[in-house]
Structure formats: C-alpha cells, structure tokens
Protein chains: 2
Amino acid sequence: MCDMGSSSTDERRTNTREQIRAVALELFSERGYDKTSLREIAERLGVTKAAVYYHYRTKEEILSSLFDEHLAGMDAIVEWGQAQPPGPDRRREILQRYSALLAGPTDEAPQLTRFLQESQTSIKELATGAGMRERFQQLSALLVEPDAELVEQLRGRLALVALHYGAFALDEIPGTRLERRDAALQVALELGLH
Amino acid sequence: MCDMGSSSTDERRTNTREQIRAVALELFSERGYDKTSLREIAERLGVTKAAVYYHYRTKEEILSSLFDEHLAGMDAIVEWGQAQPPGPDRRREILQRYSALLAGPTDEAPQLTRFLQESQTSIKELATGAGMRERFQQLSALLVEPDAELVEQLRGRLALVALHYGAFALDEIPGTRLERRDAALQVALELGLH
DNA sequence: GTCTATACTGCGATAGAC
DNA sequence: GTCTATCGCAGTATAGAC
C-alpha cells in the first residue's frame with residue numbers, strides 16, 4: 001500500500017491514478033458501475049482509454065480500489081469483535097463501530113457507502129463483491145449466537161442493513177446526515193440488542 | 001394481456017415470446033441483468049438475436065415484462081391501503097399482504113423477488129426501476145404517519161426491506177422457505193407496529 | 001514511467017431479405 | 001416470424017512514441 005520507496009522526488013507526480021479513482025467514484029455512484037464506460041472516465045480527465053488501462057488493468061480493478069479501504073475497515077471491526085467475549089456489549093459496540101465506518105473518515109465515505117449499497121447486484125460476482133459479502137457474513141456472525149433462531153438471525157442482519165440504509169436511503173426524508181445516522185444506529189441497536 | 005383475439009387457431013402457437021420471458025428470468029437472476037446478453041437468451045432458444053428483437057423492442061422491455069405482474073400486485077395493495085383508515089390494523093394488513101405477494105402466486109415469484117431485490121441498482125434508472133421505487137414509497141407512506149419521527153420512517157421502510165430480505169437472503173441459514181417467510185413477517189411486524 | 005494509436009471481440013440495436 | 005448483415009460503442013490488449 002505504501003509506495004514511497006524508490007524515489008526521492010516527492011514533488012507533484014502525475015497523479016492520474018488517483019484522479020481516475022476520484023472520477024470513477026463519482027461516475028459509478030451517479031450512473032452505476034455497468035453504465036459507466038472507461039471512455040467517459042478517460043475523457044473527463046483529458047486522456048485516452050488506454051491511459052486508464054495503463055493505471056488499472058481492468059475496469060473491475062478500479063472498482064476494487066474504491067472498496068479496499070472500506071474492506072480494511074470491516075476487517076478491523078471483525079478482528080476486534082472476534083477478540084471480545086460474546087454478549088450485548090459486543091453487539092452494541094460492533095454496530096457503533098460499523099456506523100462510524102460508514103460515516104467516515106473521509107468525505108468520500110458516504111458517497112462510497114451509497115454506491116456500495118446500491119451496487120450489491122452489479123458487483124455480486126466480482127471478486128470485490130465476494131469480499132464484501134464475506135465481511136458482511138462475519139459481522140453478522142458477531143451479532144447473533146450461532147445457534148440462534150431464524151428470527152434472531154434475521155434481526156442481526158437487518159441491523160447491519162439498517163445502518164447502510166440510514167446512510168443513504170433517507171434522502172427523501174428531512175434531516176441532516178448526522179440525524180439520519182443517529183436514527184439508523186438507534187434502529188440497528190433495537191434490532192441487534194432486541 | 002389475453003391475446004386470443006384474431007385467430008381461431010388455439011393450438012400450440014410458437015410461444016417464443018413467453019419462452020424468452022422464462023429464459024430471461026432465469027439468466028437475469030443467475031448472472032444479473034447487465035451481464036446477460038441477448039445472444040445468450042437467443043441461443044438457449046435456438047434463435048438469433050434479431051428474433052428476440054421481434055418480440056421485444058429492447059432488452060429493457062424484457063425486464064419490464066418480468067416486473068409488470070409484481071407492480072400490479074403492489075398497486076393493488078396500495079389501492080386497498082389508501083381506502084383504509086390509518087392505524088395499526090392497516091399497517092399489519094399491508095405487511096401481511098406484501099409478504100403474500102412476495103411469496104406467490106406463481107412458482108416464479110420467489111425467483112423474481114430475489115432478482116428484484118438484488119437488482120435495485122442496475123434497474124435504478126430504468127423506467128421499471130422508477131416504477132418499483134414509486135410503489136415502495138407509496139407502501140412506506142401507508143406504514144408511517146406523514147409527520148412521524150425520522151426513526152419511525154426508517155422502521156417503516158425497514159419493515160418492507162425485512163420482507164424482501166427474508167424472501168431470499170437467508171439461504172445460508174437453515175429453514176424452509178415458509179419458515180423464512182414467517183420469520184421475515186414477524187420481524188417486519190415488530191418494525192412496522194413498534 | 002506515462003501515454004497515444006490502433007485493433008480485436010462482443011454488445012445492443014436496426015434494416016431489409018425471405 | 002425469423003433470418004443475415006451491419007452499425008456504433010463497450011472492455012480489452014498490444015506496440016511504440018516520448
């Protein structure tokens with residue numbers, strides 16, 4: 001991840017790679033992954049498709065790079081959770097941490113969360129999608145006892161869905177982003193701590 | 001819908017149109033809408049792409065035709081709900097009816113529901129997607145008072161999500177489809193009647 | 001190391017022959 | 001009602017300019 005080895009020239013590199021990332025996030029979340037073409041991304045940056053292809057081997061690799069941070073964040077929560085004793089305290093803390101992850105730390109995060117939630121489908125079979133689902137499973141497992149009733153299992157998963165949902169899907173409802181986040185966390189806790 | 005007008009030949013028509021529908025549902029739910037090509041659909045039926053285009057003007061029209069029944073079902077529930085006085089009874093009945101809609105009446109329904117839920121994204125900007133969201137909004141409006149708190153709004157929407165989720169997303173959890181449906185309805189009622 | 005030019009295959013869609 | 005032929009654009013890939 002840290003790529004600060006080979007050179008002393010810390011001065012302004014041609015940060016095309018990062019620009020591609022930014023433009024891709026914008027277009028992907030606006031129009032969806034499938035409907036965004038590499039040409040559009042390239043044109044907006046004043047380069048050609050092939051230039052994009054130089055920085056990322058495939059279109060999917062651009063997608064993956066967008067989610068890497070988020071996946072790492074989920075991993076951190078899972079790791080922490082697995083080291084804790086099961087119980088209501090752990091469940092509450094998991095949900096709070098996940099809510100925080102969805103909210104930040106960068107300005108990009110909410111946009112990314114929105115795209116992530118809305119893209120469940122199109123990225124489903126992609127390697128990235130598999131990674132997301134795997135983490136989602138792991139988080140769910142930390143929220144319910146392994147032998148819990150079906151209803152309990154569903155409540156646990158819906159608690160996570162509530163956090164996702166509150167992060168983006170309440171646009172039509174008045175309220176600041178912070179208020180929506182708090183509301184989502186409240187409902188998630190109701191479901192998770194039942 | 002009934003196309004039995006112009007001819008007396010009631011005997012086996014070349015029901016290519018319906019075959020396309022069936023194959024499309026299968027492939028769309030397996031691989032997703034965007035990743036399914038018209039050539040695949042055509043090949044599985046032993047015809048060419050152009051033959052498919054004779055029966056459906058666009059790829060999206062195939063999609064729409066899949067959802068038409070479901071949309072009509074949602075309309076029926078909305079219409080019934082709007083004629084009822086607001087209150088817990090209406091909320092409970094709405095959720096029960098929507099649960100029933102997702103479960104049946106045809107064998108196709110669960111598969112369609114699954115596809116529908118997972119495709120939120122890719123069909124988002126399509127006319128079909130707009131129709132779905134509109135009905136979802138209408139159903140949500142019947143589940144919460146217009147001036148309710150943010151948390152209430154979220155609970156109402158999540159109640160619907162719970163039904164969707166229970167219809168398909170609990171594959172990894174033991175239990176029959178009926179058990180999952182009941183569990184989903186129970187959680188939906190908890191959320192909707194709070 | 002970064003990019004352009006170019007070409008390949010497959011896509012959704014259309015026109016017109018049979 | 002179904003076909004062949006063709007279109008423009010998609011993602012991918014390579015060769016080579018700077």
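Convention: sequence-line order gives letters A, B, ...; per-chain numbering from 1. Keep in mind that what you see is a predicted model, and the values were worked out from it rather than measured.
For the pair Lys59(A) NZ and dC9(D) P, the computed distance is 16 Å after rounding to whole Å. Note: CG (Asp34(A)) to C1' (dC11(C)) measures 12 Å, nearest angstrom. Atoms CZ (Arg17(B)) and P (dG1(D)) sit 11 Å apart, rounded to a whole Å. Straight-line distance from the CZ atom of Phe28(B) to the C1' atom of dG12(C): 12 Å, rounded to whole Å. Rounded to a whole Å, the OH atom of Tyr53(B) is 9 Å from the C1' atom of dT14(C). Atom CG in Leu27(A) sits about 12 Å away from atom P in dA10(D), given to the nearest Å. Glu60(B) places its CD atom 12 Å from the C1' atom of dG12(C), with the value rounded to the nearest Å.
Side-chain contact between Leu160(B) and Leu191(B) is absent, with no heavy-atom pair separated by less than 4.5 Å.
Within 6.0 Å of atom CD in Glu93(A), more than 12 heavy atoms from other residues, nucleotides or ligands are found, so the atom counts as buried in its surroundings. At most 12 non-hydrogen atoms from other residues, nucleotides or ligands lie less than 6.0 angstrom from CD of Glu18(A).
Between the CG atom in Leu66(A) and the CD atom in Gln111(A) there is a gap of 9.5 Å [rounded to 0.5 Å].
Regarding contacts with the backbone of dT2(D), a side-chain N or O of His55(B) is found under 4.0 angstrom from either OP1 or OP2. Contact check, Tyr54(A) against dC3(C): no side-chain N or O comes under 4.0 Å of OP1 or OP2.
Between Tyr98(B) and His164(B), the distance from one ring center to the other falls under 6.0 angstrom.
In the set dA13(D), dT2(D), dC3(C), the nucleotide with an atom closest to the side chain of Thr16(B) is dT2(D).
Look at Glu190(B) and Arg155(A) and you find a salt bridge, because one of the NZ, NE, NH1 or NH2 atoms lies within 4.0 Å of a carboxylate O, short of that distance. Note on Arg44(B) versus Glu40(B): no salt bridge recorded, every NZ/NE/NH1/NH2 to OD/OE distance being 4.0 Å or above.
Tyr56(B) carries Arg17(B) over the face of its six-membered ring, with the cationic atom under 6.0 Å from the centre and within 45° of the normal.
Note on the helix from dG1(C)-dC18(D) to dC18(C)-dG1(D): terminal axis deviation equals 0°, with five pairs used at each end and the result rounded to 10°.
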Using atom names, set out every protein N or O paired with an N or O of nucleotides 16-18 of chain C below 3.5 Å, distance rounded to 0.1 Å.
none

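When atom types are taken as modelled, the side chain of Lys49(A) and the backbone of Glu43(A) share no donor-acceptor pair closer than 3.5 angstrom.
Of the residues in residues 37-49 of chain A, those lying under 4.0 Å from DNA chain C by heavy-atom distance are Val47(A), Thr48(A).
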